[in-house]
Amino acid sequence: MRSYLWGRVKISFLGLVLEKERVRVMVTMEESPRSPEAKVGLRVEDLWDVQEPQLSPDEKLNACFESIPVSAFPLPPSNQEIEIKSDTTLAEAVKMLAQHNILSAPVVDVDAPEDASWIDRYIGIVEFAGIVVWILHQSEPTSPRSPSSGSAIAAAVDGKTSAFEHEALGLESAMTTSGNFFEDLTSSQLYKNTKVRDISGSFRWAPFLALERSNSFLTMLLLLSKYKMKSVPVVDLGAGRIQNIITQSSVIHMLAECAGLQWFESWGTKKLSQVGLPIVAPNHIIKVYEDEPVLQAFKLMRKKRIGGLPVMERGGSRAIGNISLQDVQFLLTAPEIYHDYRSITAKDFLTAVRSYLEKHEGIFTMSGELITCNKDCTIKELIQLLDHEKIHRVYVADNDGNLEGLITLRDIISRLVHEPRGYFGDFFDGVLPMPPNSRV
């Protein structure tokens, strides 16, 4: 009888333990992030716990990301999975990119056979900024092909021999540009009839630099940071198609979803100065002044290969706003907003776009706002700020609003991982680099 009772007690005790463990697991699951991006973070967490104890935290992170294939990265929302056919006009391509709120898309060769490999199926990736810079260059009023009188746009239709010259739009023509200029541009035959394939020579890679599904997160993160790629296509070799396009923004969102995980907290709770941020000092920030032509801002972004810049008050050190490459869409998608401006300065552009977006709230992401943080900000706080505001850059400012530095998405990713010696080997062999006279 004692044995029987003791057995009943043991079974009851074991049942209590198992129930407590079940509750603990359920609570943990409830507390854990449930997004697809957070599941990637949980994989890093599992790998983190089994890394060699002698490894430094930085080496552990590298090893974790090297062990995860890029095929594990969540797919983008279905409304952002678009491909542009090579016979699409520039006007149609601009409309598609704007409607899906994306900056670039792969271009499919309509003449490629159905069973073509990915390298023959695609001719490149077209970017919003590339279309705008190309089309504005064709309409250059000071172009040798443009007569001293008449429409510069009409003259541009006659030929495209100057399409890939190094400079885009000259400052002199930018200073006289008005709202009517953009309306004339978007109604021109050049804009309506030119096909995406006609500007394929302006794409960054030919067709583009891509990863296979089996390549690692570490490779992807290094391409997005050290090698300055804004997005990395992931190719399914079996299907001969792009499976995913991983952007800097999507990586930042993934990191934001990992808050609370051990590996992230050990890195993310460090202050900016502890990881060497900001990289860009105040005297190295590329900027425009409020009374300068807005096209000068886009010209600088193209020339300096940057994604945005602050608009500074004249005679001061305070910024009144920010212009990014994403804002370039409003030059072509909403030219009517510039009607009241004889010449469009950077300040006029900010004012017009803000007014336009207020009237179309919920359709477009707010633009032109200058987002700042202070030097005491942590990596975690900065990532959450970038993800929440859906922006690509944050300015470091003092209490008086004076700029003290600049931090981009790429800067943050570059502090997450490092490139081991000889890591890429012959990875870049056979990749056709960006042509010297490329315009994208």
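Quick caveat: nothing in here was measured; it's all calculated off a predicted structure. FYI, the numbering just counts along the sequence from 1.
Side-chain contact check for Leu382 versus Ile407: some heavy-atom pair is nearer than 4.5 Å. Under the 4.5 Å side-chain criterion, counting only non-hydrogen atoms from C-beta, Ile245 is not in contact with Val234. Val44 has its side chain out of reach of Leu261: every pair of non-hydrogen atoms, C-beta onward, lies at least 4.5 Å apart. When side chains are defined from C-beta on, Tyr227 does not count as touching Leu209, because their heavy atoms never get closer than 4.5 Å. Using a 4.5 Å heavy-atom cutoff, the side chains of Val235 and Asn244 are not in contact. Looking only at side-chain heavy atoms (C-beta outward), Phe298 and Phe349 come within less than 4.5 Å of each other. For the pair Pro278/Tyr395, no side-chain contact is recorded, criterion being any heavy-atom separation below 4.5 Å from C-beta on.
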Side chain to side chain contact (heavy atoms under 4.5 Å, CB included) between Ile413 and Gln248: does it pass, once the steps are laid out? CA-CA 8 Å; Ile413 299 171; Gln248 293 177 346; 4.3 Å; yes
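Residues passing the side-chain hydrogen bond (donor to acceptor under 3.5 Å, both in side chains) test with Arg43, sequence neighbours excluded: none. Judged as a side-chain hydrogen bond (donor to acceptor under 3.5 Å, both in side chains), and not counting sequence neighbours, Tyr289 has no contacts. Partners of Lys347 under the side-chain hydrogen bond (donor to acceptor under 3.5 Å, both in side chains) rule, at least two apart in sequence or in another chain, do not exist in this structure. In this structure Ala93 satisfies the side-chain contact (heavy atoms from CB on, under 4.5 Å) test together with Ile84, Thr88, Ile131, Val196, sequence neighbours excluded. Qualifying side-chain contact (heavy atoms from CB on, under 4.5 Å) partners for Glu59, counting only residues two or more places apart in sequence or in other chains: Leu55, Ser56. When the side-chain contact (heavy atoms from CB on, under 4.5 Å) test is applied to Ser216, the partners found at least two apart in sequence or on another chain are Glu66, Leu218, Thr219, Tyr423. Checked against side-chain hydrogen bond (donor to acceptor under 3.5 Å, both in side chains), Glu83 has the following partners two or more places apart in sequence or in another chain: Tyr122. Every residue two or more places apart in sequence or in another chain that forms a side-chain contact (heavy atoms from CB on, under 4.5 Å) with Asp398 is listed here: Asp400, Asn402, Glu404.
Counting only residues at least two apart or in different chains, salt bridge (charged side-chain N to carboxylate O under 4.0 Å, His left out) contacts with residues 44-57 are absent. Screening residues 87-116 for salt bridge (charged side-chain N to carboxylate O under 4.0 Å, His left out) gives Glu114-Arg241 as the qualifying pairs, with residues at least two apart or on separate chains. Sorted by first then second residue, the salt bridge (charged side-chain N to carboxylate O under 4.0 Å, His left out) pairs that include residues 307-316, not counting sequence neighbours, are Asp291-Arg314. Sorted by first and then second residue, the pairs that involve residues 265-285 and meet salt bridge (charged side-chain N to carboxylate O under 4.0 Å, His left out), not counting sequence neighbours, are Glu265-Lys380.
Side chains of Asp411 and Thr408: a donor-acceptor N/O pair is present below 3.5 angstrom, by distance only.
A distance-only check finds no donor-acceptor pair linking the side chain of Thr194 to the backbone of Tyr191 [under 3.5 Å].
For CG of Asn399, the number of neighbouring non-hydrogen atoms (other residues, nucleotides, ligands) closer than 6.0 Å is 12 at most.
Below 30°, between 30° and 60°, or above 60°: for Phe217 and Phe65 the angle between ring planes is below 30°, a parallel geometry.
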